[in-house]
Amino acid sequence: MGYYAVIDCDNCYVSCERVFRPDLRRKPVVVLSNNDGCVVARSNEAKQIGVKAGTPYYQLASLFPGQQFAVFSSNYELYADMTARVMSMIRAAAPVCFRYSIDEAFCRLDGMPENLLKTWGETLHKRILRNTGMPVSIGIAPNKTLAKMASHYAKHYRGYRHCCVIDSDEKRVKALKHYPLKEVWGIGRRYAVRLESMGDRTAWDFSCHHADWVRLQFNVSLQRTWMELGGKDCVPDEQMASHKKSICTSRSFSGMITDLTDLSTHVANYASRCAEKLRRQHAMASVVGVFADTNHFRDDLPQYQACGDRRLLTPASATQPIVQTALDILRHIYRPGYHYKRAGVIVMGIQEEEGVQTNFIDFDAERFKKMKRLDEAVDRINRIGGSETVVLATQQYTRPAGQGKAEVFANAIRHDFRSGNPSTRWSDLIELH
DNA sequence: TCTGGGGTCCTAGGACCC
DNA sequence: TCTGGGGTCCTAGGACCC
């Protein structure tokens with residue numbers, strides 16, 4: 001029987017910040033979402049105090065009066081860099097692995113003798129901690145769902161020394177009997193509520209139903225989870241595949257926006273980011289979509305969800321056509337008189353760069369090559385200098401004020417507690433020569 | 001006053017075709 | 001006025017994940 005390992009970073013964003021702030025060990029630390037909106041990561045100390053994920057930042061002081069927290073705005077460049085180091089160490093330790101999210105990876109441990117699994121995990125944990133400063137938890141089991149469950153035990157019980165292995169039916173049953181339903185990978189809050197109303201409390205209770213009952217009451221996804229809890233391996237690896245079917249960039253604004261010009265600046269930036277993400281995975285998109293929403297928390301204001309999309313004549317990853325299309329769509333779906341709080345761009349119909357069908361009506365090979373060279377240069381500069389070092393004119397968060405002087409655009413994204421970027425990458429410095 | 005951002009899959013129902 | 005049945009594709013909505 002083959003085994004899977006899941007390796008995931010403990011309190012990932014908090015751990016990233018702490019690597020450069022060892023003074024914050026054992027202190028309550030939280031990291032905020034974009035715009036300093038709500039808590040997205042908490043140190044164990046913050047969890048113990050009772051801070052819940054998703055708590056709006058502005059409620060923190062009143063919910064926990066007198067409590068001291070170290071607070072960070074999110075710094076995704078730092079987290080991407082730190083986790084890339086962790087991932088490269090994981091890849092070195094296992095021949096087949098797939099990154100599942102920013103802080104998590106699955107590995108196949110086919111052929112590894114069962115008596116070595118635990119040592120493999122403990123060694124990897126130590127190596128990652130020593131070389132990157134990142135604490136990880138490792139779960140090992142015959143399928144991905146049980147491996148996730150094992151990693152949960154590894155994270156919460158010190159006795160496992162950061163690595164928990166489920167390698168027998170006794171251990172599987174014991175793990176299920178102590179595992180709350182809503183923590184099962186594939187059973188979310190909604191399904192947990194439904195199952196609890198039917199009398200289930202633990203993963204074990206759920207696994208005792210009949211397969212047909214699960215299929216009839218729910219769907220094939222949940223039935224697959226049910227099978228994995230029973231020990232079968234049926235979540236395909238392809239589900240972890242990294243090539244995306246859509247790429248989205250969206251943000252909430254710190255204030256609200258009514259003006260089309262202001263909205264266009266943001267949308268141009270999101271479109272540009274989408275194009276950059278496409279190029280990074282050597283892909284092109286054939287459909288561009290744009291949305292803009294009003295603030296759904298404001299019952300006193302009229303609500304509107306603008307959205308629209310358009311097919312490109314020729315699939316693209318170049319910044320210019322994607323930005324232009326996005327702005328065009330925005331002009332069509334924009335309605336004056338609303339207070340917009342959030343907007344985004346999504347690119348779909350994604351194909352590999354090679355083998356893209358070019359439409360001859362629209363296609364100009366020379367122009368295409370020029371745009372490609374330009375984008376490559378811009379990507380390189382932005383990787384070194386930080387994103388948005390070089391942008392299109394429409395992307396600038398400034399606009400002319402009265403006497404021809406530029407003023408900083410009032411609705412930029414807020415990051416009041418941002419750490420620096422202490423982890424400059426060598427690869428980027430080398431590219432300078 | 002302030003309430004995130006990115007993805008995936010499945011299903012039901014409608015449109016459309018023969 | 002009567003007005004079947006089956007297949008496929010698309011879309012919207014709802015669930016899940018981190």
Side-chain angles (χ1 to χ4, degrees), chain A residues 6-13 30-41 52-63 71 73-76 79-80 83 98-106 144-145 148 151-152 181-195 215-225 235-236 238-256 266 270 273-274 277 281 287 289 291 293-301 305 307-309 311 339 341-350 411 413-416:
Chain A
V6 58
I7 296 108
D8 85 294
C9 302
D10 297 344
N11 310 328
C12 183
Y13 299 169
V30 298
V31 177
L32 306 178
S33 64
N34 258 321
N35 237 351
D36 296 339
C38 47
V39 173
V40 289
K52 299 271 178 277
T55 304
Y57 172 59
Y58 74 93
Q59 292 178 357
L60 212 52
S62 54
L63 286 173
V71 177
S73 301
S74 43
N75 183 346
Y76 290 105
Y79 311 149
T83 54
F98 358 78
R99 189 171 186 161
Y100 177 63
S101 72
I102 187 159
D103 68 342
E104 219 175 308
F106 284 99
K144 300 183 185 75
T145 306
K148 290 278 285 184
S151 84
H152 185 270
L181 262 179
K182 65 173 190 306
E183 300 291 338
V184 175
W185 192 49
I187 299 181
R189 216 185 59 233
R190 303 274 183 152
Y191 287 155
V193 167
R194 265 178 73 189
L195 284 164
R215 176 71 189 87
L216 228 61
Q217 294 285 332
F218 296 90
N219 52 44
V220 295
S221 304
L222 215 63
Q223 191 182 26
R224 204 164 53 189
T225 297
V235 173
E238 305 88 74
Q239 200 172 307
M240 315 289 129
S242 63
H243 39 247
K244 303 210 181 334
K245 297 178 175 176
S246 67
I247 288 173
C248 177
T249 305
S250 76
R251 297 280 182 281
S252 295
F253 315 129
S254 58
M256 289 188 283
H266 286 275
Y270 307 152
R273 275 293 294 153
C274 285
K277 290 178 191 173
Q281 69 172 65
V287 178
F291 59 89
D293 300 335
T294 48
N295 187 347
H296 64 276
F297 290 104
R298 290 290 297 268
D299 302 333
D300 55 322
L301 293 174
Q305 278 93 45
C307 69
D309 54 46
R311 186 167 290 276
H339 294 74
K341 179 62 181 168
R342 174 169 178 261
V345 172
I346 179 164
V347 290
M348 298 162 280
I350 293 179
N411 262 302
I413 310 298
R414 191 157 63 205
H415 290 287
D416 289 345

What does [X] touch in the nucleic acid at a heavy-atom separation under 4.0 angstrom: a base, only the sugar-phosphate, or nothing?
{"X": "A:Val184", "value": "sugar-phosphate"}
{"X": "A:Thr55", "value": "nothing"}
{"X": "A:Lys182", "value": "nothing"}
{"X": "A:Asp8", "value": "nothing"}
{"X": "A:Glu104", "value": "sugar-phosphate"}
{"X": "A:Tyr191", "value": "sugar-phosphate"}
{"X": "A:Ile247", "value": "sugar-phosphate"}
{"X": "A:Ser74", "value": "nothing"}
{"X": "A:Ile187", "value": "sugar-phosphate"}

OP1, OP2 of [N] versus side-chain N and O of [X]: anything below 4.0 Å?
{"X": "A:Ser33", "N": "B:dT3", "value": "no"}
{"X": "A:Lys341", "N": "B:dT3", "value": "yes"}
{"X": "A:Ser101", "N": "C:dC17", "value": "no"}
{"X": "A:Arg342", "N": "B:dG5", "value": "yes"}
{"X": "A:Lys245", "N": "B:dC9", "value": "yes"}

Exercise. Now, which nucleotide makes the Watson-Crick or G-U wobble pair with B:dC18, with each of the two distances under 3.5 Å?
Worked result: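 The answer is C:dG5, by the H-bond criterion.
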Exercise. When you check the side-chain N and O atoms of A:Asp36 and A:Ser73, is any donor under 3.5 Å from an acceptor?
Worked result: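 Looking only at side-chain atoms, A:Ser73 and A:Asp36 do form a donor-acceptor pair, the distance falling under 3.5 Å.
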Exercise. Are a donor atom and an acceptor atom from the side chains of A:Asn219 and A:Tyr191 found within less than 3.5 Å of each other?
Worked result: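 There is such a pair between these side chains.
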Whole-Å distance separating the [atom1] atom of [X] from the [atom2] atom of [N]:
{"X": "A:Ile346", "N": "B:dT8", "atom1": "CD1", "atom2": "P", "value": "8 Å"}
{"X": "A:Tyr76", "N": "B:dG4", "atom1": "OH", "atom2": "P", "value": "11 Å"}
{"X": "A:Asp10", "N": "C:dC18", "atom1": "CG", "atom2": "P", "value": "14 Å"}

Exercise. Can you name the nearest heavy-atom pair linking A:Thr83 to A:Cys12, along with the distance?
Worked result: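 Scanning both residues completely, I find the closest heavy atoms to be CG2-SG, 3.7 Å.
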Exercise. With no hydrogens and no angle check, is any side-chain donor or acceptor of A:Arg99 less than 3.5 Å from a backbone partner on A:Ser101?
Worked result: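 Yes, the answer is positive, given that a donor and an acceptor are paired below the 3.5 Å cut-off.
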Problem set entry | Short side-chain to backbone donor-acceptor contact, A:Arg194 and A:Gln217, under 3.5 Å |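 Looks like yes, one N/O pair under 3.5 Å.
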Side chain of [X] - closest among [options]:
{"X": "A:Trp185", "options": "C:dC17, B:dT3, B:dG4", "result": "C:dC17"}
{"X": "A:Tyr100", "options": "B:dC10, B:dG4, C:dC17", "result": "C:dC17"}
{"X": "A:Asn295", "options": "B:dC10, B:dG4, B:dT3", "result": "B:dT3"}
{"X": "A:Asn219", "options": "B:dT11, B:dT3, B:dG4", "result": "B:dT11"}
{"X": "A:Cys38", "options": "B:dT8, B:dT3, B:dC10", "result": "B:dT3"}

Exercise. Closest nucleotide of DNA chain B for A:Cys248 versus for A:Gly37: which of these residues is on the 5' side?
Worked result: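 Nearest-nucleotide comparison on DNA chain B picks A:Gly37.
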Exercise. Between A:Arg215 and A:Lys277, which is nearer to the 5' end of DNA chain B once each is assigned its nearest nucleotide?
Worked result: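 Looking at DNA chain B, the more 5' nearest nucleotide goes with A:Lys277.
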Exercise. Looking only at atom P, what distance separates C:dT3 and B:dC17, rounded to whole Å?
Worked result: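 Between the two P atoms, the distance is 23 Å.
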Exercise. Quick one: are A:Ile350 and A:Lys245 in side-chain contact, heavy atoms under 4.5 Å?
Worked result: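 When only atoms from C-beta onward are counted, A:Lys245 and A:Ile350 do not touch, as no gap falls below 4.5 Å.
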Problem set entry | Under 5.5 Å and under 30°: A:Tyr58 stacked on B:dT1 |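 Stack criterion not met.
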